[in-house]
Amino acid sequence: MLAIGALLGSALIAVPVAAHATTTPAPAAEAAAVAAAGLDDPAKKEIAMKIVSSAENSSLDWKAQYKYIEDIDDGRGYTAGIIGFCSGTGDMLDLVEYYTQIKPGNVLAKYLPALRKVDGSDSHAGLDPNFTKDWAKAAQDADFRKAQDHERDRVYFNPSVNQGKADGVGVLGQFIYYDAIVMHGDGGDSTSFRNIRKRALSKAKPPSQGGNETAYLNAFLVARVWAMKQEEAHSDTSRVDTAQRVFLKKGNLNLNTPLDWKVYGDSFHIG
């Protein structure tokens with residue numbers, strides 16, 4: 001279960017206060033605010049979207065991926081959109097159902113029966129020949145782009161950030177979680193996010209349990225690489241080896257820019 005951050009309150013005491021007390025600098029408070037910033041900070045989230053897009057689409061322009069759709073022969077049917085929603089894994093079905101809730105009669109609504117039937121397989125039955133064209137057409141609709149954002153956050157981004165904060169890891173750790181859940185999902189299989197995390201916890205304690213953050217994240221990445229190598233389609237581990245490990249080795253636990261990394265041999269930079 002994902003932890004929910006507690007709300008902190010402070011009582012106000014009605015006593016006279018010296019005038020100079022109200023102007024006392026609060027560097028500790030400022031430092032705490034910086035430390036509390038997570039991957040859900042808008043600037044950090046933008047960085048996260050770009051890094052994931054570098055691995056998923058070989059481009060930092062993640063906003064150009066709303067219209068993306070193809071079958072990459074990984075057994076998951078069509079892969080599409082900003083997060084790689086798949087026709088064979090249920091998240092594409094959830095997306096189109098949500099889109100249809102907020103915009104009935106949209107261009108993809110007619111494919112809902114087919115998406116329900118192909119869920120769990122790599123079949124295109126009922127989707128071809130026009131599904132890819134209609135997906136691209138839907139991507140021109142601001143409501144569909146908002147629907148993709150909504151489902152990305154609900155299914156992947158928010159759970160990974162919440163779990164990262166509960167485990168006491170910073171922005172980089174939350175990103176490492178996010179990238180893992182994007183690729184592996186959070187189901188019950190041995191390579192899912194929750195079981196990658198379980199493997200890591202058997203080797204190292206997270207900061208929330210008094211452990212060293214770098215040691216724990218290293219353990220998580222070892223478990224992540226193991227999970228990737230269980231499937232041919234994910235066997236290239238460069239998104240970990242030449243990206244996430246690079247940030248971790250530099251001690252960049254807050255994922256501060258500038259950032260330089262490689263994925264599949266391609267070099268990327270965020271200034």
Side-chain angles (χ1 to χ4, degrees), residues 1-2 48-49 52-53 55-57 62-163 177-197 227-228 230-235:
M1 182 174 289
L2 301 176
M49 296 304 111
V52 168
S53 184
E56 296 286 323
N57 303 99
W62 68 270
K63 292 181 180 178
Q65 311 310 323
Y66 288 106
K67 65 181 182 297
Y68 164 76
I69 182 166
E70 67 175 320
D71 190 324
I72 59 175
D73 296 321
D74 63 351
R76 293 173 172 83
Y78 281 119
T79 296
I82 58 171
I83 209 66
F85 299 100
C86 295
S87 59
T89 61
D91 57 354
M92 182 181 286
L93 170 60
D94 289 345
L95 167 62
V96 177
E97 285 182 334
Y98 176 72
Y99 179 37
T100 303
Q101 285 176 17
I102 64 174
K103 190 162 189 175
N106 67 74
V107 70
L108 297 180
K110 61 181 175 286
Y111 294 103
L112 281 171
L115 286 170
R116 294 185 183 108
K117 288 181 180 178
V118 302
D119 187 17
S121 76
D122 62 356
S123 174
H124 294 182
L127 298 177
D128 291 341
N130 294 318
F131 183 64
T132 56
K133 294 177 183 177
D134 285 336
W135 181 280
K137 188 181 298 182
Q140 297 173 25
D141 179 12
D143 286 331
F144 185 52
R145 296 193 295 272
K146 288 177 183 176
Q148 288 196 38
D149 292 346
H150 176 276
E151 288 300 284
R152 172 201 61 201
D153 290 350
R154 182 184 71 84
V155 180
Y156 301 106
F157 189 80
N158 294 343
S160 55
V161 170
N162 290 342
Q163 185 63 67
Y177 276 15
Y178 175 56
D179 190 68
I181 201 171
V182 164
M183 175 176 279
H184 303 279
D186 196 23
D189 55 293
S190 64
T191 59
S192 69
F193 167 73
R194 70 182 63 192
N195 284 312
I196 292 172
R197 178 175 171 272
M228 291 174 73
Q230 302 312 300
E231 186 176 355
E232 179 60 31
H234 294 156
S235 59

Quick check: closest heavy atoms across W62 and R152, and the distance to 0.1 Å? CZ3-NH1, 3.5 Å
Atom CD in Q148, atom CG in D143: separation rounded to 0.5 Å? 12.0 Å
Would a 4.5 Å heavy-atom cut-off, applied to side chains only, mark I69 and F131 as touching? yes
Between OH on residue Y68 and OG1 on residue T132, distance to nearest 0.5 Å: 12.0 Å
Test side chain to side chain contact (heavy atoms under 4.5 Å, CB included) applied to H234 and T191, step by step: CA-CA 11 Å; H234 294 156; T191 59; over 6 Å; no
List in chain and number order the residues that pass side chain to side chain contact (heavy atoms under 4.5 Å, CB included) with A114, two or more places apart in sequence or in another chain; answer none if no residue qualifies. L127
Sorted by chain and number, sequence neighbours left out, side-chain hydrogen bond (donor to acceptor under 3.5 Å, both in side chains) with Y99 holds for D141
Could D149 and K146 be called an ion pair, given the rule that one side-chain N must be under 4.0 Å from one carboxylate O? no
Between R194 (side chain only) and G188 (backbone N and O only), is there a donor and an acceptor less than 3.5 Å apart? no
Quick one: does M228's side chain get under 4.5 Å of H184's, heavy atoms only? yes
Return yes if a side-chain donor-acceptor contact under 3.5 Å exists between Y111 and N130, otherwise no. no
How about S190 and Q230: do any of their side-chain heavy atoms sit closer than 4.5 Å? no
Do R154 and D94 come within less than 4.5 Å of each other through their side chains, counting heavy atoms only? yes
Flag side-chain contact, heavy atom, 4.5 Å: Q163 against F193: yes
Under the rule for side-chain hydrogen bond (donor to acceptor under 3.5 Å, both in side chains), what residues qualify as partners of R76, not counting sequence neighbours? E231
Check the pair E97, E151 against side chain to side chain contact (heavy atoms under 4.5 Å, CB included), reporting the backbone distance first and the verdict last. CA-CA 11 Å; E97 285 182 334; E151 288 300 284; over 6 Å; no
OG1/T100 to CZ/F144 distance, rounded to the nearest 0.5 angstrom? 9.5 Å
Just wondering, do H124 and V118 contact through their side chains at under 4.5 Å, heavy atoms? no
Can you check whether I102 reaches H150 side chain to side chain, under 4.5 Å on heavy atoms? no
Heavy atoms of C86 and D91 approach each other most closely as N-OD1, 2.8 Å
On a heavy-atom basis, which atom in Y78 and which in D71 lie closest, and how many Å separate them? CD2-N, 3.8 Å
Are there over 12 heavy-atom neighbours, none belonging to K137, within less than 6.0 Å of that residue's NZ? no
Side-chain heavy atoms of I82 within contact of M49, under 4.5 Å: no
Distance col, row D186:CG vs I196:CD1, nearest 0.5 angstrom, shows 9.5 Å
Heavy-atom nearest pair, N106 first then L108, reads OD1-N, 2.7 Å
Test L93 against L112 for side chain to side chain contact (heavy atoms under 4.5 Å, CB included), laying out the working first. CA-CA 7 Å; L93 170 60; L112 281 171; 3.9 Å; yes
Where do D119 and T89 come nearest, in terms of heavy atoms and distance? OD1-C, 3.6 Å
On a heavy-atom basis, which atom in S192 and which in G187 lie closest, and how many Å separate them? OG-O, 2.7 Å
Give a yes or no on whether the backbone of S53 and the side-chain of Q65 come within a donor-acceptor separation of less than 3.5 Å. no
